[in-house]
Amino acid sequence: MAGTTNLGFPRIGDHRELKKSLEAYWKGDASREQLLTTAKEIRATNWKRQHKARISHIPCGDFAFYDQVLNHTLMFNAIPERYSALKDDPLNLYFAMARGHQKDGIDVVACEMTKWFDTNYHYIVPEFSDATEFSFGFAPVIEHFKEAKALGYTTRPVVIGPVSYLSLGKMKGDKDAMTLLPKLLPVYEKLFAELKAAGAEWVQLDEPFLALDLTASQKAAYETALKKLNACGLKLMLTTYFDGLRDNTDLAFGLGTAGVHVDLVRAPDQLDACLKAVKKDQILSLGVVDGRNIWKTDAAAALAKLTTAQKALGADRILVAPSCSLLHSPIDLGNETKLDAELKQWLAFAQQKLEEIAVLAGALKETQSPEVQAALKENAAAIAARKTSKRIHSDAVKSRVTSISDAMLNRKNSFKKRETAQQALLKLPLLPTTTIGSFPQTTEVREARAKFKAGNLTVEQYETYLERETKACVQYQIDADIDVPVHGEFERNDMVEYFGEQLSGFTFTSNGWVQSYGSRCVKPPVIFGDVARPQPMTVRWSKFAQSLTDRPMKGMLTGPVTILQWSFVRDDQPRSTTCKQIALAIRDEVVDLEKAGIRVIQIDEPAVREGLPLRSADKAAYLKWAVDSFRLSAAGVEDATQIHTHMCYAEFNDIIQSIADMDADVISIETSRSAMELLGAFVNFKYPNQIGPGVYDIHSPRVPQQKEMVTLLRKALEVLEPSQIWVNPDCGLKTRGWKEVDPALKAMVAAAKELRGELVSRGVKASA
């Protein structure tokens with residue numbers, strides 16, 4: 001019989017228990033023992049549910065308090081020197097690297113954070129140099145294996161492979177990180193020896209870089225690494241995901257591992273090549289259940305692939321699997337009590353995906369059980385119902401998309417002409433200050449929103465409360481002397497969910513949470529049909545905020561690519577088509593904001609880089625429709641209206657031309673964690689428009705000092721014209737508290753004024 005496997009399970013808990021426990025621990029409201037107990041309970045629950053779902057290869061080591069890459073960095077003792085004072089306490093060290101540390105006389109910034117391939121999950125970037133040494137350190141994967149074994153589960157440890165781990169890091173200087181492989185491999189050998197001694201038979205060796213374009217040194221590193229690791233006496237499941245192996249197919253199957261996992265959701269056409277390349281007695285793990293989306297698996301289509309593989313290899317040489325870790329899926333559709341029945345029948349969360357895997361494996365038997373037959377019949381009915389539902393399609397929306405013209409993608413004049421018109425209208429000083437949009441979502445704000453949604457506050461009462469919060473926020477910014485204030489976004493739950501709730505073609509879950517990073521969880525909207533904007537979404541609050549000040553109020557919108565990327569997107573039409581539908585809705589909002597007197601409008605697009613395909617051959621087509629979608633959303637306004645966008649936590653070098661092609665008047669980017677290093681892409685390219693390089697890290701509770709921000713701004717002034725630079729945090733402030741935000745923003749404004757004074761004294765003027 002074909003086996004069943006899972007590659008990883010969500011670690012936040014059914015009701016975000018990990019998030020709540022982490023945040024209580026960080027605040028000092030929960031002990032370390034309470035945090036560890038919560039984590040242990042989540043792991044036990046996850047193993048139990050996978051065992052109950054008849055998964056034969058259950059993962060362990062997929063749990064992390066913050067991030068699985070950071071787990072490995074501590075396991076390999078690849079600790080940057082600045083954290084040396086914390087080395088005796090692995091948990092405090094772990095959180096210091098993730099969030100920064102500013103107490104007990106120790107003040108260190110966090111490590112860089114960036115996106116995990118083309119997902120909205122973030123990982124903590126390892127830091128390497130020629131001097132990096134590796135040794136065996138804090139290894140929870142071993143403890144978790146023993147923990148599971150004590151509960152009666154023999155699990156398959158999950159370990160990021162050495163080539164992918166090194167490739168995920170950042171190497172100082174021009175050296176290739178693969179030069180560190182000889183130092184790293186002995187630590188892997190030690191880890192594998194410990195796992196074998198603990199009773200492990202299999203190890204899931206995650207090597208997602210095998211689905212990317214590889215350098216010659218990476219290919220050589222795979223040969224070297226697997227020759228060593230295959231000799232450790234464990235069966236290795238070489239695991240790839242997020243794309244197909246393509247030109248790396250022979251390499252992957254020729255590395256001598258006991259098994260290879262391939263993603264047949266992202267790359268369904270690779271099955272034939274894999275069947276030709278698989279070696280005798282090698283097990284093939286087939287990722288036919290989508291680990292990254294919430295649509296029910298088309299069982300008939302999946303079975304066609306599985307049957308082909310079973311005929312070629314035999315049932316004992318295939319495993320039915322999800323395409324990737326289920327980390328990217330919500331936990332259990334059973335927790336959704338308010339979702340309407342028609343939509344609910346189309347969906348599958350992580351728990352249901354486990355059940356789908358078991359059903360598919362059962363369907364491969366010569367004799368199917370009545371339970372499997374009933375499940376297949378139910379699946380076929382749901383798939384057919386979704387295809388024929390009248391809720392999905394709108395002729396008006398489709399017609400509008402087909403009528404998009406080139407003229408709709410372009411502003412009336414070039415940036416230089418727009419810049420002159422904008423300065424004449426806005427009259428901003430050198431180094432103008434602003435924020436990225438949101439202000440702290442306090443407990444009081446969240447409670448008021450919850451009361452309103454529960455019907456315990458009337459519309460009038462809730463809006464009166466929001467007006468009070470908005471007034472206070474605007475006044476705070478005036479008192480702090482921020483040049484371009486925002487209204488604070490107190491009416492918004494999430495930067496994507498808020499808009500999705502007001503657009504047709506979207507639906508929402510109550511508990512469909514997924515982890516973005518650490519304790520940060522998001523509840524992505526579900527795009528199930530054609531998208532349109534029935535009425536204005538933000539005009540009321542932006543207009544109200546503008547009435548409170550003579551300073552230019554910045555309207556805040558989320559861009560079409562980000563709404564797309566941070567949603568669970570329908571899979572029955574091209575993503576580009578859905579994105580253009582969203583862009584037209586945002587365009588309507590931009591035009592209405594301008595009519596309401598809002599002349600600075602930010603269209604956030606932090607996910608443009610995230611959506612970039614992993615293979616070079618696929619990138620140009622994506623960038624074309626992504627850039628066109630942004631331009632479509634932004635180009636309906638007059639020259640004097642200033643369009644901002646925001647991007648964060650990504651490398652920009654390979655898409656810098658496309659960022660310039662977006663033609664935003666101002667772009668703000670995250671640069672604080674990298675000490676302005678990420679600004680290099682914009683400098684080398686000679687980015688023509690204006691830039692706000694973030695001068696402090698809002699993802700850390702650490703409060704930066706004025707002198708730090710001055711230092712960062714001086715670095716920016718070394719490579720950019722003063723007239724190009726804006727001063728802002730690196731992201732929105734909603735996740736921070738006022739006690740952190742207040743001193744940080746005041747220091748930011750003071751830093752801008754300090755350097756502004758120096759520039760003015762030298763006769764430098766703001767842009768004309």
Side-chain angles (χ1 to χ4, degrees), residues 8 10 64 66-73 97-99 110-127 160 164-170 206 208-209 211-213 241-243 263 266 291-293 323-325 327-329 436 494-496 514-522 524 558-559 561-569 575 579 604-616 618-619 622-623 626 630 645-656 658-659 667-674 677-678 681 694 697-700 730-732 735:
Y66 205 95
D67 163 50
Q68 69 268 18
V69 180
L70 183 57
N71 278 18
H72 285 67
T73 296
M97 292 177 69
R99 306 174 70 241
C111 293
E112 284 187 55
M113 184 164 65
T114 196
K115 296 293 178 72
W116 176 251
F117 298 92
D118 58 349
T119 76
N120 187 31
Y121 178 79
H122 302 62
Y123 74 93
I124 301 299
V125 180
E127 299 177 20
I160 298 173
S164 286
Y165 176 72
L166 290 173
S167 300
L168 289 165
K170 182 168 282 188
D206 279 12
F209 271 80
L212 276 65
D213 300 315
Y241 39 81
F242 299 157
D243 209 324
D263 185 338
R266 276 296 184 90
R292 291 181 54 171
N293 214 331
S323 59
C324 62
S325 169
L327 170 71
H328 311 286
S329 295
I436 301 305
D494 173 81
M495 66 181 289
V496 173
V514 293
Q515 185 183 32
S516 180
Y517 60 86
S519 68
R520 170 70 170 152
C521 299
V522 294
T558 303
V561 180
T562 298
I563 291 176
L564 182 89
Q565 287 293 130
W566 292 359
S567 299
F568 291 121
V569 184
R575 290 171 71 88
C579 198
D604 279 345
E605 283 290 23
V608 166
R609 176 61 178 80
E610 170 190 315
L612 192 68
L614 302 180
R615 292 290 194 143
S616 297
D618 304 330
K619 292 178 179 180
Y622 161 78
L623 288 169
F630 178 84
T645 192
H646 170 67
M647 297 180 181
C648 58
Y649 297 109
E651 298 287 346
F652 299 116
N653 297 63
D654 53 351
I655 64 164
I656 189 64
S658 296
I659 293 175
I667 180 171
S668 54
I669 59 172
E670 178 277 320
T671 52
S672 59
R673 284 199 179 197
S674 67
E677 184 178 319
L678 290 179
D697 175 20
I698 68 88
H699 293 87
S700 168
D730 65 5
C731 207
T735 60

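By convention here, the first residue in the shown sequence is residue 1.
- Under the side-chain hydrogen bond (donor to acceptor under 3.5 Å, both in side chains) criterion, Thr735 pairs with no residue, sequence neighbours left out.
- Using a distance-only test at 3.5 Å, with no hydrogens or angles considered, no donor-acceptor pair links the side chain of Asn120 to the main chain of Trp566.
- For His72, the side-chain hydrogen bond (donor to acceptor under 3.5 Å, both in side chains) test picks out no residue, with sequence neighbours left out.
- Partners of Ser519 by side-chain hydrogen bond (donor to acceptor under 3.5 Å, both in side chains), not counting sequence neighbours, listed by chain and number: Glu23.
- Here the OG-NE2 distance, from Ser668 to His646, works out to 5.0 Å after rounding to the nearest 0.5 Å.
- Residues satisfying the side-chain contact (heavy atoms from CB on, under 4.5 Å) criterion with Ser616, sequence neighbours excluded, are Asp213, Lys619.
- Annotation: the span from Ser567 atom OG to Arg575 atom CZ amounts to 9.0 Å, rounded to 0.5 Å.
- For Phe209, the ring pair (Phe, Tyr, Trp, His ring centres under 6.0 Å) criterion is met by Phe117, not counting sequence neighbours.
- In this view, Thr562 and Glu605 satisfy the side-chain hydrogen bond (donor to acceptor under 3.5 Å, both in side chains) rule, not counting sequence neighbours.
- Remark: Asn71 pairs with Ala64, Tyr94, Pro140 by the side-chain contact (heavy atoms from CB on, under 4.5 Å) rule, at least two apart or across chains.
- Using modelled atom types, one side-chain atom of Arg615 and one backbone atom of Ala211 make a donor-acceptor pair closer than 3.5 Å.
- Looking at residues two or more places apart in sequence or on another chain, you find a salt bridge (Lys or Arg N to Asp or Glu O under 4.0 Å) between Asp118 and Arg266, Arg292.
- For the residue pair Ile667 and Met647, the shortest heavy atom distance occurs at CD1-SD, 3.9 Å.
- Rounding to the nearest 0.5 Å places CD1 of Ile659 at 9.0 Å from CZ of Arg609.
- At least one donor-acceptor pair closer than 3.5 Å links the side chain of Ser329 to the backbone N or O of Gly291.
- Side-chain atoms of His122 come within 3.5 Å of backbone N or O of Ser516 as a donor-acceptor pair.
- Of the possible donor and acceptor atoms, one in the side chain of Asp730 sits under 3.5 Å from a partner among the backbone N and O of Ile698.
- Partners of Pro126 by side-chain contact (heavy atoms from CB on, under 4.5 Å), not counting sequence neighbours, listed by chain and number: Val69, Thr73, Tyr123, Phe128, Tyr165.
- For the atom pair OG (Ser325) and CZ (Phe242), the distance works out to 8.0 Å, reported to the nearest 0.5 Å.
- Checking each of Lys115, Gln68, Glu610 against Tyr121 for a side-chain hydrogen bond (donor to acceptor under 3.5 Å, both in side chains) leaves exactly one that passes, namely Gln68.
- Of the possible donor and acceptor atoms, one in the side chain of Thr119 sits under 3.5 Å from a partner among the backbone N and O of Trp116.
- Between Ile655 and Leu623, the closest side-chain pair of non-hydrogen atoms falls below 4.5 Å.
- Counting heavy atoms from C-beta on, the side chains of Arg520 and Gln515 never come closer than 4.5 Å.
- Proximity of a side-chain donor or acceptor of Asn293 to a complementary backbone N or O of Phe568 within less than 3.5 Å is not detected.
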